[in-house]
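Remarks on the structure that follows.
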Amino acid sequence: MRIISGNCKGKALKSVPGTGTRPTTDKVKEAIFNMVGPYFQGGLGLDLFAGSGGLGIEALSRGLDKVIFVDKDAKAIATIKSNLDQCDLIDKSEVYRNESFRALKAIVKRELQFDLILLDPPYQKQKLVDILELIDNQQLLNESGFVMCEHSSDVSLPNEVGNLKLLKKETYGMIRISIFQTLGQ
């Protein structure tokens, strides 16, 4: 794994040890950022099932001001911190070990809104519609922001979840990327 573009282009990233985490391939990562960017003029990001932190670090490299990384696995948290340190991005990040819904409740209390929310949960345990509903109900997405969902290609997400509208979806073998934006954008 490596950073594809931006300030940290070419830097290698470590994977989370073991088989519990599935890193996003460079091909899929490039496709994601071509759909939502490819570059940013600042902004705040959330990498909710961060794994190694590869997607959030790519977003920082491409211009986001700050990314909050969340994962419930201790090995993932250690890997994220190591990768952020390697890319000299510690000061542009917050890293939390937490379960996704608990993390979202904490974010709601902070009254944060995001320009980019990255959702790449374990395929077998996905609750993407529930998470999208919470994001919509709590208005966690800025009006011009995007929610990126990476999921199994045999899962079809609805065209609308509250005020979030499916903007694009692409399939790459067994992986599907679904991009949501607030209705009216």
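Just so you know, residue 1 is the first one in the sequence shown, and it goes up from there.
The side chain to side chain contact (heavy atoms under 4.5 Å, CB included) test applied to K168 returns M35, I179, not counting sequence neighbours. In terms of the side chain to side chain contact (heavy atoms under 4.5 Å, CB included) criterion, residue partners of D26 (sequence neighbours excluded) are, by chain and number, R2, I4, K29. Remark: T25 engages K27, V28 in a side chain to side chain contact (heavy atoms under 4.5 Å, CB included) (not counting sequence neighbours). Applying the side chain to side chain donor-acceptor pair (under 3.5 Å) test to S61 and every residue at least two apart in sequence or in another chain returns nothing. For N34, the side chain to side chain contact (heavy atoms under 4.5 Å, CB included) partners two or more places apart in sequence, or in a different chain, are E30, P38.
Here the rule is side chain to side chain contact (heavy atoms under 4.5 Å, CB included) with L140, and of L112, L134, I131 only L134 fits it.
Looking only at atom types and distance, the side chain of S144 has no donor-acceptor partner in the side chain of D115 under 3.5 Å away. A donor and an acceptor atom, one from each side chain of D154 and S152, are located under 3.5 Å apart.
Contacts classified as salt bridge (Lys or Arg N to Asp or Glu O under 4.0 Å) and involving residues 78-99 (residues at least two apart or in different chains) are given here: K66-E94, E94-R110.
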Show, in sequence, the C-alpha distance, side-chain angles and deciding distance for K169 and S178, and conclude whether the side chain to side chain donor-acceptor pair (under 3.5 Å) test is met. CA-CA 4 Å; K169 68 179 174 184; S178 298; over 6 Å; no
Can you list the steps and then say if F180 with K165 is a side-chain contact (heavy atoms from CB on, under 4.5 Å)? CA-CA 5 Å; F180 287 84; K165 180 179 181 179; 5.7 Å; no
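Applying the 6.0 Å contact sphere to CG of D130 captures more than 12 heavy atoms from other residues, nucleotides or ligands.
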